[in-house]
Number of protein chains: 2
Amino acid sequence: MNVRPASNTESSSLPDKPVGRRPVSQRARGLSHTHPADVSLHDALAALADPVRRAIVRELGHVPDWSKACGTFDLAVSKATRSHHFAVLRQAGVIEQRDEGPRRLNRLRRTEFDAAFPGLLALVLSESS
Amino acid sequence: MNVRPASNTESSSLPDKPVGRRPVSQRARGLSHTHPADVSLHDALAALADPVRRAIVRELGHVPDWSKACGTFDLAVSKATRSHHFAVLRQAGVIEQRDEGPRRLNRLRRTEFDAAFPGLLALVLSESS
DNA sequence: TACAGTGTTTGACGGAGGTCGATCACCATG
DNA sequence: CATGGTGATCGACCTCCGTCAAACACTGTA
């Protein structure tokens, strides 16, 4: 399998602000990501089998990458539970997160996740409610 | 949506033994099926999020329809648990069952389920172990 | 009728995980 | 430095569900 650089955000594909001067905030150190290709089918299904997490994914599917912080989601759970669900989605390779000042921005790993589990993300994104 | 005949096995597409003389065994009365189109994404994902149930689906993907009874699966659980998992898969529209003498034969609802949840079944069937 | 084979149902148990309030850590701004 | 905003962590609670043994139900055969 194609080996990926482990310690690299290797994400956005955004021609972003020159990352040279932005030494990764302190909080971002605890941010461990998992590439979809390293995720088992069980973990992927278990992650998406929760209605709150699917709501996050759907909401994330309606906005551009890195445009939505964790707190801006319309969820009927406490922020502790919210934080837990984001961690699960991140470790299942569904989303990617990046710290921008005090808040944590999110991005759906559309192409990578779809490459690992074809059609799965589309099912969630096309879910009605 | 296309309304389906509710009280019809509407299944096998097998040019079978003339069903005229076979008045549906007594046990088959408790056999309630759910068409994949009537299954929510949540129920579908929840059904396939269990390793034992995925093992059943995979094993069922390697044999022809109606060729495998519940007891012939290689599962490391008791027959009570086994029976439970088959019921979950049936109510999730993943499998269809039919009584043949003392045993219950199974069939994977490939086309119907794939029409309702494109790619989902393929993911499970292509799972390695 | 009796028996063996197959599968379901029931009741109980235990663990996994979703949930919350409280607390803590980090960031920006005044 | 103090404050408010955002998010993570901790500990506890509780529900759900996977699990099993036991008992039951149905089928075919002797």
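Convention: sequence-line order gives letters A, B, ...; per-chain numbering from 1.
Atom CG in A/Asp43 sits roughly 14 Å away from atom C1' in C/dA16 (whole-Å rounding). In this structure, the CG atom of B/Leu105 is 14 Å from the P atom of D/dT27, given to the nearest Å. Rounded to whole Å, the distance from CD on B/Gln91 to P on C/dT8 is 11 Å. The distance between atom CZ of B/Arg103 and atom P of C/dT8, rounded to the nearest whole Å, is 14 Å. Atom C1' of nucleotide C/dC26 and atom CD of A/Glu100 are separated by 15 Å, given to the nearest angstrom. D/dG28 atom C1' lies 14 Å from atom CG of B/Asp99, rounded to whole Å. When rounded to the nearest whole Å, the span between NE2 of A/His42 and C1' of C/dA16 equals 11 Å. Put simply, CZ on B/Arg90 is 13 Å from P on C/dG7, counting in whole angstrom units.
In this structure, a donor-acceptor pair under 3.5 Å is absent between the side chains of B/His35 and B/Arg109.
Classification of B/Arg53 and B/Glu59 as a salt-bridged pair fails, no side-chain N sitting under 4.0 Å from a carboxylate O. The pair A/Arg90-A/Glu96 fails the salt-bridge criterion, with no side-chain N (NZ, NE, NH1 or NH2) lying under 4.0 Å from an Asp/Glu carboxylate O. Contact check on B/Glu100 versus B/Arg98 returns a salt bridge, with a Lys/Arg side-chain nitrogen under 4.0 Å from an Asp/Glu carboxylate oxygen.
No side-chain heavy atom of A/Thr34 sits under 4.5 Å from any side-chain heavy atom of A/Asp43.
Judged by distance alone, the side chain of A/Asn106 and the main-chain N or O of A/Lys68 form a donor-acceptor pair under 3.5 Å.
The nucleotide whose nearest atom lies closest to any side-chain atom of A/Val52 is, among C/dG5, C/dT19, D/dT19, C/dT19.
Dashed line: the shortest gap from a side-chain N or O of A/Arg104 to OP1 or OP2 of D/dA8 is under 4.0 Å.
Annotation: proximity of residues 68-86 of chain B to DNA chain C (heavy atom, distance under 4.0 Å) is found for B/Ala69, B/Cys70, B/Gly71, B/Lys79, B/Ala80, B/Ser83, numbered in ascending order.
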